[in-house]
Amino acid sequence: MDIEKILESLTVEEKIKMLSGKDFWRTKDYPEKDIDSFEVADGPYGVRKQTGLCDHMGWNKSVPATAYVSGPGLASSFDVDLAEEMGKHLAAEARELGVDILLGPAVNIIRTPLCGRTFEYYSEDPVLAGEIAASYINGVQSQGVGTCLKHFAANNQEIDREYIDAVVEERTLREIYLRVFEIANEKSHPWAIMTALNKVNGSYCSENEHLINEILRNEWKFDGLVMSDWSGVNNRERALKAGLDLEMPYNYGVSEQRLMKAYEDGTLSMNVIDTACSHILKTLERVHEGRKRIPCYIEADHNSFSREMAQKSAVLLKNDNCVLPLKKSERVLVCGNFAINPRFKMEGSALVNPTSFEIPLEEMKKIGGENVYFSECYDSKSNILDFSLNEAIEKAAKVDKIVVFAGLPDGIEAEGKDRKNLFIPQSHISVIERLYEANHNLVVVLLNGSPVDTSWDSSSSAVLEMFLAGQCIGGAVTNLLYGIVSPGGKLPMTFPYSIEQTPAYLYYPGYSGTVNYSEGVFVGYRYYLSKKISMKYPFGYGLSYSRFDIHVKGYRIKGNNADLNISVKNTGDVDASETVQIYVEPPLSRIPRPKRVLVAFKRVYLAAGEEKGINFSLTEKAFEYFDPDLKDWYASEGEYKIIIATSSVDDVTSIAINIIPKKMKYEEVTGWSSVGELRATVAGEEAYKEIKRILVESGNMQAQKLPIFKKNGESDEQVNKIPLRMITVLTDNVLNNDIMDELIATVNTKNLEACR
Ligand code: BGC
């Protein structure tokens with residue numbers, strides 16, 4: 001496609017019209033000029049293609065498509081290959097339905113578990129979320145369908161999402177909230193990115209020059225299309241200038257008129273219009289290329305892949321006395337309306353109309369047959385206890401095990417609103433507690449999109465977290481409960497003891513249109529570990545039906561890089577998987593850094609008795625933080641620990657590495673800097689010698705007594721503590737502030753020079 005030529009052939013009006021949607025899901029076309037539309041649809045966990053009435057809140061039906069496991073479920077797999085496969089499956093369905101770009105993945109960091117869209121997002125950790133997102137994108141795009149990474153950026157709550165100003169310091173943005181987008185962009189080059197509705201540091205994301213033009217385009221070299229969230233443009237002219245190419249959906253010509261007027265008034269240049277049009281045309285070019293690929297879609301295969309995903313995502317939180325897996329011969333009482341009417345889909349724009357759906361109770365009966373009994377116990381619409389609970393209590397003592405299906409009913413976690421608390425309905429808790437009194441072999445299956453309070457779990461022997469598991473929830477949970485497959489997922493977000501304990505608790509949801517991210521980089525486990533606050537179920541945690549032996553077979557440290565070779569052996573007697581997680585613990589520093597951060601991970605699937613070796617290569621990046629003075633990533637000097645672990649709190653072993661920064665960090669010397677701070681650089685050491693020379697040559701007695709002249713037995717440490725101003729005060733004007741300031745200025749100039 002000759003984009004320049006096409007641009008020449010278009011009138012100003014045509015170009016301006018191209019900058020907003022043709023309708024709800026398509027871009028503007030000019031058939032007579034050979035420019036067609038491309039079509040987008042929501043699709044993070046299943047394609048939501050609407051053919052009738054359209055909306056962005058899941059109100060109107062979409063055509064059937066496979067419903068896959070929700071965001072935290074996918075992330076809890078810690079399996080990048082699975083995410084890539086999911087991408088390929090989604091692309092095949094998208095192509096089948098004529099969708100060119102999927103509006104996903106949704107990767108915002110889970111800052112508070114109350115966020116209504118937690119079920120769509122991946123994790124509280126940017127490395128996990130970024131890696132999963134990159135694989136998903138690579139999977140989709142390898143099949144010729146595009147992705148749209150969303151929502152850029154800091155869209156971490158639904159309350160006031162349309163206008164709230166997220167006030168986030170630059171370091172926190174870079175290390176947490178932008179990092180996930182940065183990783184995904186670097187590793188997978190999404191075709192498009194969607195701006196968030198909210199503001200960041202005073203400016204709407206859709207018109208945020210710093211986010212779009214400066215960081216995304218100039219720093220990260222993003223070469224795709226920047227589009228708005230639905231009706232997420234505040235001022236179209238400002239947005240266009242800040243780099244927002246496409247406004248979605250169609251807005252009845254309002255933006256067009258404004259842009260036209262701005263162009264005519266001379267406040268909007270043709271160059272800005274052309275740049276945005278060229279990004280749209282370039283995307284169209286990618287779409288044309290992509291349409292040539294016809295990925296194969298077989299409904300049944302997609303259904304079974306959805307089951308595989310749900311199985312690989314489930315997290316076994318608790319399994320006392322190996323109450324799980326169930327045996328076929330055991331009499332099992334299944335309780336809870338969720339067993340026949342499970343919650344398995346998301347809501348809002350991520351709602352999928354499934355191609356089919358499996359009922360857990362029916363699937364369990366296929367294995368346990370007549371040994372499986374059922375009692376509804378509660379109604380999941382009204383959330384009130386059912387009379388059948390009494391029958392269940394009677395039955396409970398007569399069966400071997402009880403499985404209670406519990407979790408969050410429809411409507412509690414949703415797009416456009418946040419949860420008010422972490423609790424599951426009291427009726428679900430009552431069923432668990434009352435049945436446990438009758439029989440302690442009680443298993444809870446949780447169906448929920450976001451972390452919940454689990455203080456009731458002392459009334460259970462096992463807890464299996466399924467998240468919103470997609471349309472094959474029935475088969476997947478049955479296979480897990482009966483041990484046909486072993487659970488192996490790990491939590492992508494902390495389950496706290498209470499909401500009061502969570503890092504953002506005091507600052508969320510903000511007031512007067514502003515939410516301050518005052519917890520800074522201390523998000524999720526970074527916070528709990530740094531403050532030594534115990535977590536109910538920690539990040540990275542999850543049990544298995546098997547056991548593993550993990551050890552470091554070898555490692556090599558070269559400069560600021562480390563290569564690790566780790567062996568993982570399945571020492572149990574069932575096939576299972578383990579996820580090795582690598583965390584880095586920095587040395588103590590003036591800049592507060594989280595106690596540890598995840599830098600790499602790998603899930604390994606092993607047959608019973610099997611052993612495999614896995615490799616990790618850490619580069620200097622693993623040790624860096626975003627330095628606010630340098631305005632760049634920086635690994636400060638010191639001894640770091642590389643921790644090999646199976647969760648954020650379960651360490652296998654650790655290795656030390658000494659990091660020597662490749663670049664020098666410029667720190668301004670002032671009159672209140674200490675002698676030690678002055679001497680930290682070559683130029684400073686020279687100045688220090690000069691100070692001593694001036695003082696000695698002055699012959700001034702008072703000056704000779706200054707503590708910068710080491711007396712016998714005095715250490716450098718003591719000398720280094722003295723502030724420079726003290727020297728000027730105590731030398732009878734021999735070395736006054738003017739002389740000192742001149743010396744300091746020379747040092748700063750030389751230091752700045754050396755840092756370039
Ligand atoms: C959501 C987006 C979604 C869009 C289109 C918005 O409400 O925030 O994630 O892609 O609607 O449905």
Side-chain angles (χ1 to χ4, degrees), residues 20-27 38-63 65 67 70-71 74 90 94 97 99-110 115-122 129 133 136-137 140 145-164 166 180-181 184 190-200 204-206 224-234 244-251 345-353 413-418 449:
S20 35
K22 171 185 178 175
D23 53 31
F24 212 81
W25 301 116
R26 285 178 303 172
T27 53
F38 55 85
E39 182 164 338
V40 302
D42 281 308
Y45 313 98
V47 185
R48 188 174 76 98
K49 154 114 177 178
Q50 292 181 318
T51 46
L53 285 178
C54 298
D55 73 281
H56 64 293
M57 293 299 286
W59 296 318
N60 297 296
K61 249 199 164 154
S62 50
V63 296
S70 55
L74 175 61
L90 283 168
L97 296 172
V99 171
D100 298 303
I101 297 182
L102 284 174
L103 302 175
V107 297
N108 296 92
I109 292 294
I110 299 171
C115 173
R117 288 179 90 172
T118 297
F119 55 46
E120 271 186 73
Y121 301 149
Y122 290 145
Y136 166 114
I137 295 168
V140 175
V145 172
T147 58
C148 178
L149 188 62
K150 65 189 186 183
H151 312 85
F152 189 65
N155 178 184
N156 309 102
Q157 65 188 58
E158 290 298 288
I159 293 185
D160 303 337
R161 69 166 173 162
E162 296 84 358
Y163 62 88
I164 192 99
V180 46
F181 289 93
W191 290 7
I193 195 159
M194 183 191 289
T195 51
L197 300 172
N198 50 285
K199 296 178 199 145
V200 168
Y204 278 101
C205 290
S206 57
L225 173 75
V226 180
M227 72 166 88
S228 73
D229 195 348
W230 267 233
S231 308
V233 173
N234 169 58
L244 185 106
D245 305 311
L246 176 66
E247 173 177 13
M248 284 302 282
Y250 178 60
N251 73 358
K345 296 178 282 183
M346 279 152 283
E347 294 174 30
S349 59
L351 179 69
V352 180
N353 176 14
E413 36 182 358
E415 179 169 342
K417 70 174 195 188
D418 288 348

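Atoms within each ligand, like the ligands themselves, are counted from 1 in listed order.
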Can you sort out which atoms of ligand 1 are near [X], meaning under 4.0 Å from one of its heavy atoms?
X	value
Lys150	2 (C), 3 (C), 9 (O), 10 (O)
Trp25	5 (C), 12 (O)
Met194	10 (O)
Ser349	1 (C), 2 (C), 3 (C), 9 (O), 12 (O)

Ligand 1 versus [X]: contacting region, heavy-atom distance under 4.0 Å:
X	result
Arg117	side chain
Arg161	side chain
Phe24	neither

Would you check if Asn198 and Cys205 make a side-chain contact, meaning some heavy-atom pair closer than 4.5 Å?
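Yes, close enough: below the 4.5 Å cut-off.
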
Check ion pair Glu415-Arg117 (N to O, under 4.0 angstrom):
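A salt bridge links Glu415 with Arg117.
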
Are any of the N or O atoms of Glu415 closer than 3.5 Å to those of ligand 1?
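Yes, there is a polar N/O contact under 3.5 Å.
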
Taking distance alone, with N or O pairs closer than 3.5 Å, would you say Arg48 contacts ligand 1?
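For ligand 1, there is an N or O atom that lies under 3.5 Å from one belonging to Arg48.
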
Under 3.5 Å: donor-acceptor pair, side chain of [X], backbone of [Y]:
X	Y	value
Asp100	Glu39	yes
Asn156	Asn108	no
Ser206	Thr195	no
Ser228	Met248	yes

With under 30° as parallel and over 60° as perpendicular, where do the rings of His151 and Tyr121 fit, or are they tilted in between?
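Perpendicular, since the angle between the ring planes exceeds 60°.
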
Option set Asn108, Asp229, Leu103, Val40, criterion heavy-atom distance to atom 2 (C) of ligand 1, minimum
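Minimum heavy-atom distance to atom 2 (C) of ligand 1 goes to Asp229.
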
Donor-acceptor side-chain pairing of Asp55 and Gln50 below 3.5 angstrom:
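Checked: Asp55/Gln50 side chains pair up, N/O donor to acceptor below 3.5 Å.
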
Is there a heavy atom of Met248 sitting under 4.0 angstrom from any atom of ligand 1?
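Flag not set, Met248 not near ligand 1.
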
In the protein, what heavy atom is nearest to atom 11 (O) of ligand 1, and what distance, to one decimal place, separates them?
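The closest heavy atom on the protein side is His56 CB, 3.2 Å.
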
Just need the protein heavy atom nearest to atom 5 (C) of ligand 1, so name the residue and atom and give the distance.
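Ranking protein heavy atoms by distance from atom 5 (C) of ligand 1, first comes Asp42 OD2, 3.3 Å.
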
Among Glu347, Met346, Glu413, side chain to side chain contact (heavy atoms under 4.5 Å, CB included) partner for Glu120:
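Single pass found, and it is Met346.
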
